[in-house]
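Quick notes on the structure that follows.
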Amino acid sequence: MSVARIDARFAQLKAENRAAFVSYIMAGDPDLETSFDLLKGLVKAGADIIELGFPFSDPMAEGPIIQLAAERSLKNGTRMADVFALASRFREADAETPLILMGYMNPVENMGYPAFAEACAKAGVDGVIVVDCPPEEAERLIDALDAADVALIRLITPTSDDNRLKTLVKRTKGFVYYVSVAGVTGVKEADAEGISEAVAHVREVAKLPVVVGFGIKTPQRAAEVARIADGSVVGSVLVDAIAKSLLENSPSSTKVLETASLLAQAVRNARN
């Protein structure tokens, strides 16, 4: 189903005149069993699409919050096989929610493109975001993903000019991820008013839904973005809730899902 599952979700959201609440967690943070509980819990909390990070030792686009999550996951011994097993468990429990893997080229190259794409398809993964994959070097990966009916989803930044934008969206499927701020995740805050024109332009060029992430920390900000984009992506604030739960020695899922529920509600009601 893969790409069709993403398309179906955005068609449903369009019919309901609302944006997607897209949530992100890191696989294996703080452990794989909690990750599984969180994946199921995020759907109940209102997540329309879930991004599942796969850990890498040098996540250069991430701020300290997600860097530390990757470190915790790797320290626990999380491997790509574990990430795919986690995705499979989630897909067995939920046949409808799009699941996107997000990470870096190194683990993908270590597996080999065909093996990675096949593992995604087998696990019920609908799309992948590979943060450090330049379009000039992406053809073989895209060929493998296309053969497995898995979307390669592109990051578009405020510094992407028109020529670059056209190159980036050429073989993109599912949706486009617009990075609302220059820099790493979870540091600056998104300014919905400031990115409105850019989001509309990216949507026009890509002919795909545009979700916005990097800098959405509060329900108010998530709602503001939901009014101008096709989705609000929230990651660092959820991952930070896991870190705080560990410090407080309290169940990670409780704080994360309470936070997610507030954000989901804000996004759901943004256009009312």
Side-chain angles (χ1 to χ4, degrees), residues 1-7 9 22 24-28 32 35 39 49-62 66-67 69-70 73-74 77-92 97-157 160 164-179 185 206-209 211 213 233 235:
M1 201 174 169
S2 289
V3 178
R5 190 157 25 222
I6 301 172
D7 293 343
R9 180 50 49 100
V22 185
Y24 169 98
I25 59 168
M26 175 68 69
L32 289 163
S35 294
L39 288 173
I49 297 170
I50 297 177
E51 293 177 0
L52 181 65
F54 54 91
F56 177 53
S57 56
D58 185 23
M60 60 188 181
E62 317 300 350
I66 292 178
Q67 283 182 20
S73 180
L74 290 170
T78 306
R79 300 162 300 144
M80 286 304 293
D82 299 316
V83 177
F84 287 118
L86 178 62
S88 291
R89 284 182 73 193
F90 173 70
R91 185 53 70 219
E92 284 168 14
T97 305
L99 183 66
I100 314 298
L101 290 191
M102 186 169 183
Y104 292 81
M105 279 296 283
N106 188 274
V108 177
E109 289 182 333
N110 284 345
M111 283 188 71
Y113 300 152
F116 175 76
E118 285 163 22
C120 284
K122 190 176 177 184
V125 170
D126 304 295
V128 297
I129 300 170
V130 187
V131 177
D132 56 343
C133 178
E136 296 82 5
E137 298 171 25
E139 291 300 310
R140 287 191 304 121
L141 173 58
I142 297 173
D143 288 344
L145 291 171
D146 278 355
D149 191 27
V150 177
L152 180 68
I153 294 158
R154 284 293 191 185
L155 296 174
I156 307 293
T157 71
S160 302
R164 186 71 171 169
L165 176 57
K166 286 171 187 170
T167 302
L168 283 166
V169 303
K170 205 175 196 178
R171 295 181 70 186
T172 296
K173 294 179 180 177
F175 62 90
V176 173
Y177 187 133
Y178 185 77
V179 177
T185 56
K207 304 288 189 286
L208 288 169
V211 307
V233 187

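To the nearest 0.5 Å, the span separating OH on Tyr177 from OG1 on Thr157 amounts to 12.5 Å. In this structure, the separation between CZ on Arg154 and CD1 on Ile142 is 5.5 Å, given to the nearest 0.5 Å. For the atom pair CZ (Phe54) and CG (Leu74), the distance works out to 11.5 Å, reported to the nearest 0.5 Å. Cys120 SG to Leu99 CG: the interatomic distance, rounded to the nearest 0.5 Å, is 9.5 Å. Between the CG atom in Leu145 and the NZ atom in Lys173 there is a gap of 9.0 Å [rounded to 0.5 Å]. In this structure, Phe84 CZ and Arg79 CZ are separated by 12.5 Å, a value rounded to the nearest 0.5 Å.
Taking both residues in full, the closest heavy atoms of Tyr24 and Gly235 are given as CB-CA, 3.7 Å, listed atom of the first, atom of the second, then distance. The shortest non-hydrogen separation linking Ala148 to Ala121 is O-CB, 3.6 Å. The shortest heavy-atom contact between Ala27 and Pro55 is O-CD, 4.2 Å. Nearest heavy atom pair, residue Arg91 against residue Ala123, reads CB-O, 3.6 Å. Counting all heavy atoms, side chain and backbone alike, Leu141 lies closest to Cys133 at CD2-SG, 4.1 Å. Counting all heavy atoms, side chain and backbone alike, Gly77 lies closest to Asp82 at O-OD2, 3.6 Å.
Shown here are the side-chain contact (heavy atoms from CB on, under 4.5 Å) partners of Ser35, two or more places apart in sequence or in another chain: Leu86.
Looking only at side-chain heavy atoms (C-beta outward), Val169 and Leu208 stay at 4.5 Å or farther from each other. Using a 4.5 Å heavy-atom threshold, the side chains of Arg171 and Pro135 count as separate. Between Ile6 and Ile100 the shortest side-chain heavy-atom distance falls below 4.5 Å. No side-chain heavy atom of Asp58 sits less than 4.5 Å from a side-chain heavy atom of Tyr104.
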Step by step, would you call Phe90 with Thr97 a side chain to side chain contact (heavy atoms under 4.5 Å, CB included)? CA-CA 9 Å; Phe90 173 70; Thr97 305; 4.0 Å; yes
Take Val131 and Phe56 through the test side chain to side chain contact (heavy atoms under 4.5 Å, CB included) and record every step on the way to the result. CA-CA 11 Å; Val131 177; Phe56 177 53; over 6 Å; no
Using the rule given for side chain to side chain contact (heavy atoms under 4.5 Å, CB included), can you reason through Asp126 versus Val3, listing the C-alpha separation, both sets of side-chain angles and the distance that settles it, and then say yes or no? CA-CA 6 Å; Asp126 304 295; Val3 178; over 6 Å; no
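Remark: side-chain polar atoms of Ser73 are not paired, donor with acceptor, to backbone N or O of Thr78 under 3.5 angstrom.
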